[in-house]
Amino acid sequence: MPISFSLVHAAPDAVDTPLLVVILPADPAWPAVLGGIDQQVNGAITRTLARRDFRGGRDETMLFVGAEQGVQRILLVGRGAAPLTRTTARRAASVAARQASKLGLTEMHLFLAEAGAAHVEGLVIGAGAGSWSYPDLQTPPAAKDRRARLERVGVIASDQDETRAAFAAGVAIAEGQAIARRLGQMPGNYCTPDTFVEVGREIAARHSMGLTVLGRSDMAELGMGSFLCVAQGTTQEPRLVALEYNGGPAGQQPVVLIGKGLCFDTGGISIKPAPEMEWMKFDMSGAGGVMGAMEAIGQLKLPINVVGIIGSTTNMPSGEAVKPGDVVRASNGKTIEIINTDAEGRLVLADLLVFAKRYNPAIAIDAATLTGAIVIGLGHNAVGVFSTDKQAADEVLAAGELAGEPGWAMPMWDDYREQIKSDVADMKNTGGRAGGSITAALFLQEFVDGFPFVHLDVAGTAYSQADLGWIPKGPTGTPVGTFVEFVRARARA
Ligand code: BES
Ligand code: MN
Ligand code: ZN
């Protein structure tokens, strides 16, 4: 059940809540508006601060027992010495949500005295992130051991148009991220290409978007030999799903978002080693990100046209599977020599990029868990950002920064192109180990015809094996935030 958020315009000490969360900076003073609460606990909070038992360090928490009625518990959460931003507010709210979940409380209220509109947005996103889970496939504990789940989050803030808009945006982004994270956590036998059809259908219906769904035979008619060769080894129906959101004027060129949706990537005939292969269920995170972003954009009712396109299949070895040395033809007529069947994401994206052309994009941005090389190059803290268009790349970098999904620009120099030249076809699908993320991006560029294009390699950032503080380990929701911020900025321009 999705968490429900509300904006509360009341004095924090007048709220009836099982848990009042007070987010404080490093070496905090107790906000004057909370004087009443300190009185309720006989000065315990100000005494604690005076003793410096609680110092407001990042992620630091302390719980106080409150009254029977009204404010029933008080949780101090430190946000550290770093400047207050949407991202630091997000982290503190997430820490609070995780504490509330541990306590088994169904409701909490967040209070950040110095919160502006952007921080309200961060609070909502953080509370959504911290309370997210995927319990579907686990047997719940016995009733007596069970803790309730966090269901309602109130954000205490001033009654202003700007705050209300930021709150609504936070909810939209949090719900978009929840969609992406759910898809990312679903095992490959639960999240299939048809799952993307279902989710796409729901989003389209909720927000009156156009919906296009293609299967194997439709794609064959369009000559999508590149996408389809990846799907050769699976009996599952491969799917191309396009969502068309028309919030802008008719005829306005849309922003096109494109996602790699490999529901599982075994590598195919060039099979991956067994250790950690189970991780490859996350190989649909780009597509999950597009779905999440489309949900958020629909909720936000942004005045702009946006198209979301995902290509989904499963990369499997079989007697029918594509094999190294085979040559396939993409829908723009270009031929590709398959060197490694594990470089499948770019093959799917190639035909999606050709398909995108029909929408006459103002810009296309794809997100894909494309290369292991980007994990080596940038680790888990930066999205690889590739574009031959510096201005477009900068715009995406700015969006990612704002969203708390920072990216880093990578080179797209022609010199690297030598590595994907083929003796028998127009190009090879891999260019060797050196600069593997760059040659992958240059491969994609071959299928872009006359529109600005930015490629996001999210292989290192879409899923985290470690707790990131603002989010427990697992799918991170990246690149939902980047997509949404980019589209929001374009809608404002
Ligand atoms: N989905 C993988 C990328 C990946 C690998 C993400 C490891 C996270 C961790 C992609 O389809 C892939 O297999 N890429 C190959 C390309 C190579 C064969 C040129 C890779 O990175 O090893
Ligand atoms: Mn692969
Ligand atoms: Zn893959």
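The figures that follow rest on heavy atoms only: side chains count, while hydrogens, waters and symmetry mates do not. Both counts, for ligands and for their atoms, begin at 1 and track the order of listing. Along the sequence shown, the residues carry numbers beginning at 1.
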*Backbone N or O of V458 within a donor-acceptor pair of the T369 side chain at under 3.5 Å?*
no
*Does any donor atom in the side chain of T371 or D457 lie under 3.5 Å from an acceptor atom in the other side chain?*
yes
*Which ligand 1 atoms are under 4.0 Å away from a heavy-atom of M280?*
1 (N), 4 (C), 5 (C), 6 (C), 7 (C), 8 (C), 9 (C)
_Expected output: side-chain Q232 to main-chain E320 donor-acceptor under 3.5 Å_ = yes
*asked:* Is the positively charged end of R91 above the ring of W470, judged by distance under 6.0 angstrom from the centroid and angle within 45° of the axis?
replied: no
*So with a 6.0 Å cut-off around NZ of K323, is the heavy-atom count from everything else above 12?*
no
_Sub-4.0 Å atoms of ligand 1 with respect to non-hydrogen atoms of A459_ = 6 (C), 8 (C)
*Only heavy atoms count here, so choose which of A343, G431, G268, A462 is nearest to atom 17 (C) of ligand 1.*
A343
*Shortest protein heavy-atom distance from atom 19 (C) of ligand 1, along with the residue and atom involved*: T430 CG2, 3.6 Å
*Report, in ascending order of atom number, the atoms of ligand 1 lying under 4.0 Å from any heavy atom of E344.*
11 (O)
*Give a yes or no on whether K260 keeps an N, O or S atom under 2.8 Å from the Zn ion (ligand 3).*
yes
*Heteroatom distance test (W279, ligand 1): nitrogen or oxygen, under 3.5 angstrom*: no
*Is there a nitrogen or oxygen of T369 sitting under 3.5 Å from a nitrogen or oxygen of ligand 1?*
yes
*Give the atom name of whichever N/O/S atom in D265 sits closest to the Mn ion (ligand 2).*
OD2
*With the Mn ion (ligand 2) at the centre, find the angle made by O from D342 and OE1 from E344, to 10°.*
70°
*Distance-only, no hydrogens or angles: does the K334 side chain make a donor-acceptor pair with backbone N or O of E446 under 3.5 Å?*
yes
*Provide, to 0.1 Å, the distance between atom 12 (C) of ligand 1 and the closest protein heavy atom, together with that atom's residue and name.*
D342 O, 3.2 Å
*Show which atoms of ligand 1 fall inside a sub-4.0 Å distance from at least one heavy-atom site of K260.*
1 (N), 10 (C), 11 (O)
*Pick whichever of K428, M277, R346 has a heavy atom sitting closest to atom 16 (C) of ligand 1.*
R346
_The test is side chain to side chain contact (heavy atoms under 4.5 Å, CB included); show your working for F443 and N429 and say whether it passes._
CA-CA 7 Å; F443 178 94; N429 81 325; 4.3 Å; yes
_Need the ligand 1 atom indices (1-based, order shown) with element for anything under 4.0 Å from a heavy-atom of T371._
3 (C), 4 (C), 21 (O)
*With H207, the side chain to side chain donor-acceptor pair (under 3.5 Å) member among E295, E202, K301*: E295
*asked:* Yes or no: does K272 have any heavy atom under 4.0 Å from an atom of ligand 1?
replied: yes
*asked:* Checking contacts here: is it the side chain or the backbone of D283 that comes within 4.0 Å of ligand 1, counting heavy atoms only? Could be both or neither.
replied: side chain
_What is the name of the N/O/S atom of D283 that is nearest to the Zn ion (ligand 3)?_
OD2
*Per-atom contacts of ligand 1 with N340, taking only distances under 4.0 Å to non-hydrogen atoms*: 18 (C)
*If you have a sec, work out which protein heavy atom is nearest atom 2 (C) of ligand 1 and how many Å separate them, to one decimal?*
D265 OD2, 3.5 Å
_Backbone of T341 reached by a side-chain donor or acceptor of S270 within 3.5 Å_ = yes
*Kindly say whether R90 contributes a backbone atom to a donor-acceptor pair with the side chain of S94 at under 3.5 angstrom?*
no
_Let's go through E244 and M209 carefully: what are the C-alpha distance in whole Å and the side-chain angles of both, what is the deciding distance for side chain to side chain contact (heavy atoms under 4.5 Å, CB included) to 0.1 Å, and is it a yes or a no?_
CA-CA 5 Å; E244 294 129 47; M209 295 180 190; 5.7 Å; no
*Structural part of N315 in contact with ligand 1, heavy atom criterion under 4.0 angstrom*: neither
*Please work out whether any backbone atom (N, CA, C, O) or any side-chain heavy atom from C-beta onward of F282 is under 4.0 Å from ligand 1, and answer side chain, backbone, both or neither.*
side chain
*Report the name of the N/O/S atom of E344 located nearest to the Zn ion (ligand 3).*
OE2
*Of T388, D389, D366, I258, which is the lone residue that meets side chain to side chain contact (heavy atoms under 4.5 Å, CB included) with F453?*
D366
*Among L370, T478, V383, T461, whose side chain to side chain contact (heavy atoms under 4.5 Å, CB included) with L456 holds?*
V383
_Within the 4.5 Å heavy-atom criterion, are T88 and R58 side-chain neighbours or not?_
no
*Restricting to N/O/S, name the atom of D265 that gets closest to the Zn ion (ligand 3).*
OD2
*Does one side chain, of E405 or T482, offer a donor that lies under 3.5 Å from an acceptor on the other?*
yes
*asked:* Looking only at protein heavy atoms, which one is nearest to atom 10 (C) of ligand 1, and what is the separation?
replied: L370 O, 3.2 Å
*Counting each atom of ligand 1 from 1 as listed, which ones have a heavy atom of G372 under 4.0 Å away?*
3 (C), 4 (C), 5 (C), 7 (C), 20 (C), 21 (O)
